[in-house]
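Working notes for the structure below.
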Amino acid sequence: MFSWNRRLARYVKAGQHEKTIELYQEMQQKGMSPDNFTFVPVLNACASLRALEAGRKVHEEIIQSGCKADVFVGNSLVDMYSKCGSIEDACKVFNNMPSRDVVTWNAMILGHVNLIDMYAKCGSIEDAKRVFNKLPSRDVVSWNVMIFGHVKYGQGQKALELFRQMQEEGVQPAPLTLVGVLNACASVVALEEGRRAHDWVIKSGWDSNVFVGNSLIDMYAKCGSLEDALKVFNKMPSRDVVTWNAMIGGYAIHGHGKEALKQFEQMREEGVQPDDTTFVCLLSACSHSGLVDEGLRFYSSMSTVYMISADFQHYTCMVDLLGRAGRLHEAENMVLAMPYKPQVAAWMALLGACRIHGNVEMGERVAKQVLELEPENAAGYVLLSNLYTATGNRDLSKNIERQRKERSVKKHPGRTWIEVDNEVHTFVVDDQHHLQMIEIHAELKRLSGLMHYAGYVPDTNFVLHDVEEEEKVFNLCHHSEKLAIAFGLINSAPGTPLCIRKNLRVCRHCHTSTKFISKVVGRAIMVRDANRFHHFQDGECSCRDYW
DNA sequence: CTAGGGTTAG
């Protein structure tokens, strides 16, 4: 038994989860009766593989084995059910355990956190919090799970608050805590806060930790400082494929396609084997920079030269690349050529391209697919209705909006974050609650005067609410990024660059007016939207209106 | 021989 169990443990440590399960079956066939030391690694493997049915079977075998399940086995069961997404089973095991420790509780919190996703299960973070608050004693892992959970839930600020709270309670952070904190900074574009986290990393001697280094690169890139990202990259004592991917991905979101390609060349020269994510990064770099031919070349070389087969993410990148460039039919063929049922993401990328290029005929066809596959996802309705508006089909646009409301599908409210004086401020559409609202509105009025003087004419076509003509001009000033820009301007010294983060993609109207604003106030304005960075300066944007 | 949190892309 000792040697069987030791082999199982080794396989799990090496990440060979399928092998672990095979070995377990083999030992059963040879008539061995597994014990607690056997079940733990096997459950661990099931958890990693998200193999719920296999896990259930092991659970039954534990019960039949007559072994008295100890806290290790109990914890592994809770962990397995949590990771496999069955919080009900995790709860059942939890409630039946004669004794629990902090590991048990943490597994429960993680189970709730894992359920957080974009459309549904918004209550999960609340459930996680409830468990967290009930915990008799919290250790560093409990805090880490909560920090990561809030980042995943889109509450980066709350995650940073948790970090402060944990220190107040005297819990020592671990390297992974800083990974979570850096993620939080990246998610809300908190560069100064990120620099402080970097100081912490150096002070603790964790800067040689590859995970931490990778997160630092990502944080700096997502907070707008590719220079700092590159500095970290160059100083890292050891790099892995993620390090390279993070750097390539950093160039990609800034629209520096050529540099991304160079970084890839360097990666190859140093003999680092690219993986599937590398190609997602590369293809998205090509897409953001309009490097269509290069993208097509990478796409074909990934399977022929690097032996990496394209999965749905690569197809989605290609659809985006071709579609954005206006090659709509090739993009559509790419969706149809997928060797499995196309995912919504692929149709969505194509629908986005139809919107950009005003192709109503294809857009309607594609939207039908999207709305069939995910009728509860607002993005499909929004894209189609925007396509109608942009092509002058107002009634059709209103129709789609009505349909969306009838099915009570909610849009994600637009949200913008800006860091001023080391503090992150949040704005939503038509925000009325900010303390400085009067000043902000005065600033918007002042800007609008300056912009008109500079030759700016608002294009009301792009206001996509269901409102009357006169109201539209008014509404244009109330998109959350406008409010954040005005706030940033009045709260920082003249000439200081602004950096803002938005949860949705910047609309064409805001894009145009931000170009004007950068010119009339003489400021560099960086905007990170859901997709990429826009660097506005002197009336121009780094994306060259290609986005 | 047994337990928990993690990095990139979309």
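Since this is a predicted model, take the numbers as computed values, not measurements. Chain letters run A, B, ... following the sequence lines, proteins first, then strands; residues in each count from 1. Worth knowing before you read on, the calculation uses all heavy atoms, side chains too, and leaves out hydrogens, waters and symmetry mates.
We find that CD1 of A:I62 is positioned 13 Å from C1' of B:dA3, with the value rounded to whole Å. Between the CZ atom of A:F298 and the P atom of B:dA9 there is a distance of 18 Å, given to the nearest Å. Straight-line distance from the CG atom of A:N209 to the P atom of B:dT8: 14 Å, rounded to whole Å. Nucleotide B:dG10 holds its P atom 10 Å from the CZ atom of A:R324, rounded to whole Å. In this structure, CG of A:D240 is placed 14 Å from P of B:dA9, rounded to the nearest angstrom. One can place CG of A:N214 at 8 Å from P of B:dT8, the figure rounded to the nearest angstrom. The CD1-P distance, from A:I147 to B:dT7, rounds to 13 Å in whole Å. Going from atom CG of A:N245 over to atom P of B:dT7 covers 13 Å, rounded to whole Å.
Considering only the side chain of A:T277, B:dT8 comes nearest among B:dT8, B:dT2, B:dG10. Ranking B:dT8, B:dA3, B:dG10 by closeness to the A:D218 side chain, first place goes to B:dT8. Picking from B:dG4, B:dA3, B:dA9 the nucleotide with the shortest atom distance to the side chain of A:V141 gives B:dG4. The A:R6 side chain lies nearest to B:dC1 when the options are B:dC1, B:dA9, B:dG4. Here the nucleotide nearest the side chain of A:D70, chosen from B:dT7, B:dA3, B:dT2, is B:dT2. Of the candidate nucleotides B:dA3, B:dT7, B:dG4, B:dG4 has the atom lying nearest to any side-chain atom of A:D139. The side chain of A:N183 has B:dT8 as its nearest neighbour among B:dT8, B:dG10, B:dC1. Closest approach to the A:N5 side chain among B:dT2, B:dA9, B:dC1 is made by B:dC1 (side chain taken as heavy atoms from C-beta onward). Nearest nucleotide to the side chain of A:K13, out of B:dG4, B:dG10, B:dT2: B:dT2. For A:F2, the side-chain atoms get nearest to B:dC1 when compared with the rest of B:dG4, B:dC1, B:dT7.
Using modelled atom types, one finds no donor on one side chain facing an acceptor on the other under 3.5 Å when comparing A:D127 with A:S124. Counted by atom type alone, A:D218 and A:S215 present zero donor-acceptor pairs between their side chains at under 3.5 Å.
Contact annotation for A:V140: base contact, defined as any heavy-atom pair under 4.0 Å involving a base atom. At the heavy-atom level, A:A174 lies under 4.0 Å from base atoms of the strands shown. Residue-level contact check: A:L176 touches the bases, meaning some heavy atom is under 4.0 Å from a base atom. Here A:D275 lies out of heavy-atom contact (under 4.0 Å) with every strand. Across all strands shown, A:S284 has heavy atoms under 4.0 Å from sugar-phosphate atoms exclusively, and none from any base. The residue A:F72 sits close to a base: some heavy atom pair falls under 4.0 Å.
Among A:L43, A:V40, A:T104, the single residue meeting the side-chain contact (heavy atoms from CB on, under 4.5 Å) criterion with A:L77 is A:L43.
Close to B:dA9, at under 4.0 Å from its OP1 or OP2, lies a side-chain N or O of A:K222.
Counting non-hydrogen atoms of neighbouring residues, nucleotides and ligands closer than 6.0 angstrom, the NZ atom of A:K203 exceeds 12 such neighbours.
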| said: Between A:F94 and A:W105, does the ring-ring contact (aromatic ring centres under 6.0 Å, His included) criterion hold? Intermediate values first, please. | reply: CA-CA 9 Å; A:F94 181 92; A:W105 288 86; 5.1 Å; yes
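The aromatic rings of A:H254 and A:F533 sit parallel, their planes meeting at an angle under 30°, below the 60° perpendicular limit.
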